[in-house]
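To start, the structure under review is shown below, and the notes come after it.
Hydrogens, waters and symmetry mates are skipped; everything else that's a heavy atom, side chains included, is used. Keep in mind that what you see is a predicted model, and the values were worked out from it rather than measured. Sequential numbering from 1 along the given sequence is applied to the chain's residues.
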Amino acid sequence: MSFLKKKASKDKNLLKMIPALKPSLTLESNPDNPELLQLVIPRTSLLEKFSVRFLKQPPYLRIRLDRLGSFVLARCNGKHQVEQIQQQVAERFGEEAEPVLPRLLKFLEMVEANGWINWK
């Protein structure tokens, strides 16, 4: 069970939770399309460091995000509650993002499972 589900079942108020991107991760503009972002993840495990050094792999992984993912992760800065992010997604994307809350929660669950966010 993910922390998101544990936290929600314990506190009973998932919409008031605040996601924050981990400090070691950064968001960069996509050179091809400034509206889209890339999540930059440093390769820090022992195996990854080995592959960077000896196999000449890049020291960072770059995850290209779509418009919705870019919009949501840009708001995962420790300042916005899930409820606020939901409202902003609905205003910005309208019907394209429907159903907003289930999609947002699933996205946040996946982001959390990858270890990219913390909760405040």
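- One hydrophobic cluster, built from ILVMFWY side chains closer than 4.5 Å, cannot hold both Trp116 and Val40; they sit in different ones.
- Legend: residues meeting side chain to side chain contact (heavy atoms under 4.5 Å, CB included) with Gln87, ordered by chain and number and at least two apart, are Glu83.
- Leu15 and Val100 fall within the same hydrophobic cluster, defined by Ile, Leu, Val, Met, Phe, Trp and Tyr side-chain heavy atoms under 4.5 Å apart, directly or through other members.
- A cation-pi arrangement, defined by a distance under 6.0 Å to the six-membered ring centre and an angle within 45 degrees of its axis, is absent between Arg67 and Phe71.
- Counting only distance, with no hydrogens or angles, the side chain of Gln84 and the backbone of Gln81 share a donor-acceptor pair below 3.5 Å.
- Taking CG from Asn33 and CZ from Arg64, the interatomic distance works out to 11.0 Å, rounded to the nearest 0.5 Å.
- Among all heavy-atom pairs drawn from Pro23 and Asn118, the shortest one is CD-ND2, 4.4 Å.
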Does the pair Thr26 and Ile41 meet the rule for a side chain to side chain contact (heavy atoms under 4.5 Å, CB included), with working shown?
CA-CA 7 Å; Thr26 57; Ile41 305 169; over 6 Å; no

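- Here the shortest heavy-atom pairing between Pro34 and Ser29 reads O-OG, 4.1 Å.
- Using a 4.5 Å cut-off on side-chain heavy atoms (C-beta onward), Asn30 and Leu37 make no contact.
- When every heavy atom of Leu36 is checked against every heavy atom of Asp66, the shortest pair comes out as CD2-C, 3.6 Å.
- Between Glu28 and Arg62, at least one side-chain nitrogen of the basic residue sits less than 4.0 Å from a carboxylate oxygen of the acidic one, meeting the salt-bridge criterion.
- The CD1 atom of Ile117 sits 10.0 Å away from atom CD of Glu109, with the distance rounded to the nearest 0.5 Å.
- Listed by chain and residue number, Phe54 satisfy the ring-ring contact (aromatic ring centres under 6.0 Å, His included) test with Phe50 (two or more places apart in sequence, or in another chain).
- With a 6.0 Å radius and a threshold of 12 heavy atoms from other residues, nucleotides or ligands, Leu55 has its CG atom above the threshold.
- Side-chain heavy atoms closer than 4.5 Å link hydrophobic residues (I, L, V, M, F, W, Y) into clusters, and following such links, possibly through other members, connects Phe107 to Trp119.
- Side-chain contact check for Val72 versus Leu108: some heavy-atom pair is nearer than 4.5 Å.
- Without hydrogens or angle criteria, Asn77 side chain to Lys79 main chain gives a donor-acceptor distance under 3.5 Å.
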Take Gln86 and Val89, measure what side chain to side chain contact (heavy atoms under 4.5 Å, CB included) needs, and give me the verdict at the end.
CA-CA 5 Å; Gln86 174 196 2; Val89 167; 5.9 Å; no

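- Here the straight-line distance linking atom CG of Leu39 with atom OG of Ser70 works out to 10.0 Å at 0.5 Å rounding.
- Around the OH atom of Tyr60, the shell of radius 6.0 Å holds no more than 12 heavy atoms that belong to other residues, nucleotides or ligands.
- Checked by atom type and distance alone, the side chain of Lys49 never pairs as donor or acceptor with a backbone atom of Arg43 at under 3.5 Å.
- In the hydrophobic cluster analysis, where Ile, Leu, Val, Met, Phe, Trp and Tyr join through side-chain heavy atoms closer than 4.5 angstrom, Leu101 is grouped together with Val111.
- Contact record, Leu104 with Val82: CD2-O, 3.8 Å, taken as the closest heavy-atom pair.
- Across all their heavy atoms, Pro42 and Ser24 have their closest contact at CD-O, 3.4 Å.
- Ile18 and Leu27 sit in two unconnected hydrophobic clusters of ILVMFWY residues. Membership requires side-chain heavy atoms under 4.5 Å apart, directly or through other members.
- The line from CG of Leu73 to CD of Gln38 is 12.5 Å long, rounded to the nearest 0.5 Å.
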Assess the residue pair Glu48 and Ser51 against the criterion (side-chain hydrogen bond (donor to acceptor under 3.5 Å, both in side chains)); give the C-alpha distance rounded to whole Å, side-chain angles, the decisive distance to 0.1 Å, and a yes or no.
CA-CA 5 Å; Glu48 289 176 321; Ser51 69; over 6 Å; no

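- With a 6.0 Å radius and a threshold of 12 heavy atoms from other residues, nucleotides or ligands, Glu95 has its CD atom at or below the threshold.
- Nearest approach of Leu68 to Arg103, heavy atoms of both residues: CD2-NH2, 3.5 Å.
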